[in-house]
S.K.: 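Could you have a look at this structure, given as structure tokens, before my questions?
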2 protein chains.
Amino acid sequence: MTGTGNKGVHENQALNERARIVLQSIIENYIEFSEPVGSRTLSKSIEFKLSPATIRNIMSDLAESGFLIQTHTSAGRVPTDKAYRFYVNSLSEPTTVPDQIKQKFSPVSNGRGSQVEHILAETVHLLADLTKFACVVSTPKAEVSRLQRIELIKISEDRILVILVTKAGVVRDKIIFVKESHSQEFLNSVTAFLNEEFKNHSMQEIRDGIHQSIVSDRHRYHDLLAHAVRLGKKAFDLNQPGEMFIEGQMNLLLDSHFHEQSSVRSLIDAFDQKTALLKILDESMKHKGVHIFIGIENDYKQLQRCSLITASYRNKKNVLGSIGVVGPTSMNYKHIISTVDYTAKLLSKTISEQSYD
Amino acid sequence: MTGTGNKGVHENQALNERARIVLQSIIENYIEFSEPVGSRTLSKSIEFKLSPATIRNIMSDLAESGFLIQTHTSAGRVPTDKAYRFYVNSLSEPTTVPDQIKQKFSPVSNGRGSQVEHILAETVHLLADLTKFACVVSTPKAEVSRLQRIELIKISEDRILVILVTKAGVVRDKIIFVKESHSQEFLNSVTAFLNEEFKNHSMQEIRDGIHQSIVSDRHRYHDLLAHAVRLGKKAFDLNQPGEMFIEGQMNLLLDSHFHEQSSVRSLIDAFDQKTALLKILDESMKHKGVHIFIGIENDYKQLQRCSLITASYRNKKNVLGSIGVVGPTSMNYKHIISTVDYTAKLLSKTISEQSYD
DNA sequence: TATTAGCACTCGTTAATGAATAGTGCTAAT
DNA sequence: ATTAGCACTATTCATTAACGAGTGCTAATA
């Protein structure tokens with residue numbers, strides 16, 4: 001006894017076997033029915049045959065330890081974020097998804113020769129359909145991918161259209177402004193030079209190395225050089241904010257857990273501005289496998305009534321971006337985690353086949 | 001008297017002055033407060049000083065003519081789609097939008113050198129913010145725009161990446177499959193040929209004329225010819241389904257007019273599948289100026305509890321796509337119509353400046 | 001003849017009431 | 001250590017009654 005007054009359950013201490021089972025039972029029941037669960041109902045459904053009174057004692061302890069809360073005196077108990085975290089940690093690896101779900105993906109993964117953006121859009125659309133929650137996917141970061149080809153196209157005296165094709169199969173375009181006018185022929189020379197020099201290098205490498213690389217080749221390029229440096233610098237300096245596709249936002253507003261005015265507004269704001277979601281997806285790119293943010297575990301107030309399940313996707317050589325599902329903290333974690341895991345892996349596979357190396 | 005039993009108001013007949021004012025008053029009141037309006041409240045707010053009893057008679061007539069309905073016996077009257085149509089028709093040209101709204105657009109319209117897609121995304125985002133409804137914009141149809149440049153990039157033995165740049169500033173890419181492998185050098189020749197031959201022609205023209213044009217030049221191109229025809233056909237045959245950006249869908253679900261379960265579901269479906277919205281935007285491209293679909297006036301059941309305000313946008317030479325706002329039939333038409341009108345014109349101006357001719 | 005006052009009537013909203021229900025916490029018995 | 005029993009609390013649900021907003025009709029009025 002540490003003097004906190006708890007009988008069998010302490011803060012920051014492993015729960016005993018029975019408490020674990022009770023807690024898990026409560027969580028699963030709440031996930032299924034979205035209603036506070038009481039000792040009576042629990043004593044029926046639990047495998048361990050315990051009387052309501054005993055369960056009440058356990059529940060009381062769990063409440064004291066912060067795993068459960070009551071909405072009011074005579075209501076059942078509802079799991080807290082801490083409880084969901086316990087529950088998720090206790091889950092084993094993602095279960096395999098049923099064949100009928102796998103079949104839904106087959107048109108996406110078989111669509112050879114599609115643009116990456118198209119694959120992403122289809123995937124997130126399907127994911128939203130399967131989960132009935134809001135789903136997001138970030139487009140591949142150009143930075144991490146390697147160069148397949150660059151094109152410079154003159155579109156006016158002071159504007160050049162830059163088109164970058166990455167090995168991952170992503171086409172990015174931007175317009176750069178120049179002070180002096182260049183002929184298309186001249187641009188073709190620069191293009192040829194840049195392609196020869198930088199094909200298969202990552203954008204990051206190119207940006208870091210563009211100066212010295214060109215300098216070392218000085219003998220081969222004469223007046224081309226100065227311009228190539230300048231154009232190349234501009235062309236490869238694409239710190240675009242990163243894009244994402246969102247689907248199924250409206251599903252969230254239908255969910256009973258978001259029927260309160262206040263939480264709805266902040267949710268809408270979050271999906272409106274997108275920055276919070278993008279940051280979370282970016283963060284998730286650093287980890288392997290499925291990443292889970294439960295309620296307050298993510299840093300963005302607007303989303304702290306939600307749980308986010310994310311997973312990164314990649315081609316053969318690089319992590320490119322990530323996908324995510326946003327739902328209520330009482331989501332069916334088993335189902336969602338498995339689905340996200342499967343989707344991310346399949347997406348990785350599909351995109352790897354599309355990649356140009 | 002035609003024997004229908006109506007006193008002063010007939011189906012398919014112009015309303016008399018007084019009935020018009022009463023109807024307009026009811027509509028504007030309902031637009032403002034979203035609640036059935038009764039004879040009492042109306043007799044206070046109306047400029048014509050009439051007693052509630054008189055107004056009741058007029059309202060009764062209007063109800064008989066299909067302009068008003070009652071939700072139940074002792075409730076006030078609510079305008080029908082027919083009433084909104086009358087109201088909208090009676091509006092004069094779009095009013096000018098306030099300066100403070102114009103200022104919000106200035107960062108968008110001043111962002112020179114942005115990709116067209118980016119401009120569209122910003123615009124629809126802002127429109128959603130201004131209207132607090134769901135807003136859509138269709139991306140420029142490649143078909144109607146003229147060719148600025150085409151690039152063919154070899155990415156594997158049997159795949160070629162086609163990049164089309166249109167005069168409108170849109171970059172489109174797709175992958176085509178070929179049976180025989182071509183060297184990049186060979187593709188460069190084909191590219192040069194296609195660019196020389198078809199620059200400034202519309203995709204439609206190119207597709208129609210590609211065969212004869214090449215045949216007539218037979219003397220200049222030898223074995224290139226057969227391949228160029230084949231590749232060109234594939235490259236320019238882009239019947240992509242057309243894309244769109246959507247913003248502010250969630251706003252709709254907050255609106256009190258969509259709180260019934262049934263209508264919510266069909267709304268979500270409509271935004272999920274997008275086809276209905278795309279068709280409506282396509283349709284709107286054929287008309288000049290603002291186009292208004294009130295309730296049942298559009299052909300898609302899922303959207304028949306909404307009104308849609310659309311307007312096409314264009315560059316100097318062609319209509320490219322259109323924008324639209326989706327809201328309840330009781331939206332503030334004056335405000336929305338003006339805003340859509342202004343937005344479309346500004347978008348046209350901005351994109352014209354971006355265009356490459 | 002057009003307008004209005006007056007009145008009976010309908011229906012929805014609201015508040016109050018009470019019974020039923022689902023839950024808890026505590027205590028004493030097992 | 002477990003459980004039965006009991007007092008207690010809060011929500012939900014159905015019932016009721018009062019109220020209000022609104023209509024339609026009729027008769028009086030300008």
Side-chain angles (χ1 to χ4, degrees), chain A residues 1 5-9 15-23 25-26 29-30 32-65 67-80 256 259-260, chain B residues 1 5-9 15-23 25-26 29-30 33-80 256 259-260:
Chain A
M1 289 288 154
N6 301 8
K7 276 177 201 153
V9 185
L15 303 175
N16 65 46
E17 183 67 11
R18 230 178 35 178
R20 282 227 303 275
I21 293 175
V22 168
L23 181 53
S25 243
I26 293 173
N29 192 301
Y30 188 72
E32 187 170 356
F33 301 109
S34 289
E35 259 159 36
V37 10
S39 55
R40 238 176 103 69
T41 44
L42 209 58
S43 84
K44 287 180 208 148
S45 73
I46 232 172
E47 46 273 32
F48 273 53
K49 205 61 198 145
L50 293 174
S51 78
T54 313
I55 293 176
R56 276 205 290 280
N57 288 330
I58 302 173
M59 285 166 81
S60 177
D61 291 346
L62 287 169
E64 212 170 327
S65 311
F67 288 103
L68 300 174
I69 50 166
Q70 277 178 287
T71 58
H72 61 264
T73 326
S74 75
R77 302 302 214 292
V78 170
T80 62
S256 59
H259 271 355
E260 308 145 54
Chain B
M1 290 288 155
N6 302 6
K7 276 176 201 153
V9 185
L15 304 175
N16 65 46
E17 182 68 11
R18 226 178 37 178
R20 283 227 304 275
I21 292 175
V22 168
L23 181 53
S25 242
I26 292 173
N29 192 300
Y30 187 72
F33 301 109
S34 290
E35 258 159 37
V37 10
S39 56
R40 238 176 104 67
T41 45
L42 208 58
S43 84
K44 288 179 208 152
S45 73
I46 232 170
E47 46 272 34
F48 273 53
K49 204 62 197 149
L50 293 174
S51 79
T54 314
I55 292 176
R56 276 205 290 280
N57 289 330
I58 303 172
M59 285 166 81
S60 177
D61 291 346
L62 287 168
E64 212 171 326
S65 311
F67 288 103
L68 300 174
I69 50 166
Q70 277 178 289
T71 57
H72 60 266
T73 326
S74 74
R77 303 301 216 291
V78 170
T80 62
S256 58
H259 271 354
E260 309 145 54

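Residue numbers begin at 1 in each chain, while the letters A, B, ... track the order of the sequences. Please read all numbers here as calculations on a predicted model, not as lab measurements.
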S.K.: Give the nucleotide from the list dG25(C), dG24(D), dG22(D) with an atom nearest to the side chain of T41(B).
M.R.: dG22(D)
S.K.: Find the distance R56(A):CZ to dC8(D):C1' and express it as a whole number of Å.
M.R.: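 These atoms are roughly 12 Å apart.
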S.K.: Out of dG23(C), dT24(C), dG22(D), which has the shortest distance to the side chain of S74(A)?
M.R.: dG23(C)
S.K.: I want to check something: taking the side chain as every heavy atom from C-beta on, are L23(A) and I58(A) in contact at a cut-off of under 4.5 Å?
M.R.: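 Counting from C-beta outward, L23(A) and I58(A) never come under 4.5 Å.
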S.K.: Given that K49(B) and T71(B) both sit by DNA chain C, which one's nearest nucleotide is further toward the 5' end?
M.R.: K49(B)
S.K.: Within less than 4.0 Å of OP1 or OP2 of dT24(C), is there a side-chain N or O belonging to R77(A)?
M.R.: yes
S.K.: Separation of D61(B) atom CG from dT3(C) atom P, in whole Å?
M.R.: 12 Å
S.K.: Using Watson-Crick or G-U wobble geometry with both distances under 3.5 Å, which nucleotide pairs with dT24(C)?
M.R.: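 By the stated definition (distances under 3.5 Å), dA7(D) pairs with dT24(C).
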S.K.: Side chain of S51(A) only, heavy atoms from C-beta on: which candidate in dG23(C), dT24(C), dT3(D) is closest?
M.R.: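 Closest nucleotide among those given: dT3(D).
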S.K.: With the side chain of Q70(B) defined as its heavy atoms from C-beta on, choose the nearest nucleotide among dG22(D), dT4(C), dT23(D).
M.R.: dT23(D)
S.K.: Between dT9(D), dT10(C), dT3(C), which one does the side chain of T73(B) approach most closely?
M.R.: dT10(C)
S.K.: Starting at CD of E35(A) and ending at C1' of dT12(D), how long is that distance when rounded to a whole Å?
M.R.: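 Result: 12 Å.
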S.K.: Counting the atoms with a prime plus P, OP1 and OP2 as sugar-phosphate, which does A75(B) contact under 4.0 Å by heavy atoms, base, sugar-phosphate, or nothing?
M.R.: sugar-phosphate
S.K.: Which of these nucleotides, dT4(C), dT23(D), dT24(C), is closest to any side-chain atom of M59(A)?
M.R.: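 Per side-chain heavy atoms of M59(A), the pick is dT24(C).
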S.K.: Could you tell me the separation between the CG atom of N57(B) and the C1' atom of dA5(C), rounded to a whole number of Å?
M.R.: 13 Å
S.K.: Could you check whether any side-chain heavy atom of S43(B) comes within less than 4.5 Å of a side-chain heavy atom of L50(B), counting everything from C-beta outward?
M.R.: no
S.K.: Which whole-number value in Å describes the distance from H72(A) NE2 to dT21(C) C1'?
M.R.: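 It is 11 Å, rounded to the nearest whole Å.
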S.K.: Rounded to the nearest angstrom, tell me the gap between atom CD1 in I69(A) and atom P in dG23(C).
M.R.: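 Checked: the CD1 to P distance equals 16 Å.
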S.K.: Let's see if you can work this out: which of dT4(C), dT3(D), dT9(D) has an atom nearest to the side-chain heavy atoms of T54(A)?
M.R.: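 In terms of side-chain proximity for T54(A), the closest of dT4(C), dT3(D), dT9(D) is dT3(D).
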S.K.: The side chain of A53(B) is closest to which nucleotide in this list: dT3(D), dA5(C), dT23(D)?
M.R.: dA5(C)
S.K.: Calculate the interatomic distance between F33(A) atom CZ and dG23(C) atom P; express it in whole Å.
M.R.: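 Value for this atom pair: 13 Å.
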S.K.: Is a donor on one side and an acceptor on the other found under 3.5 Å between the side chain of S39(A) and the backbone of I55(A)?
M.R.: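 No; zero donor-acceptor contacts below 3.5 Å.
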S.K.: Roughly how many Å is it from CD1 in I58(B) to C1' in dG24(D), rounded to a whole number?
M.R.: 15 Å
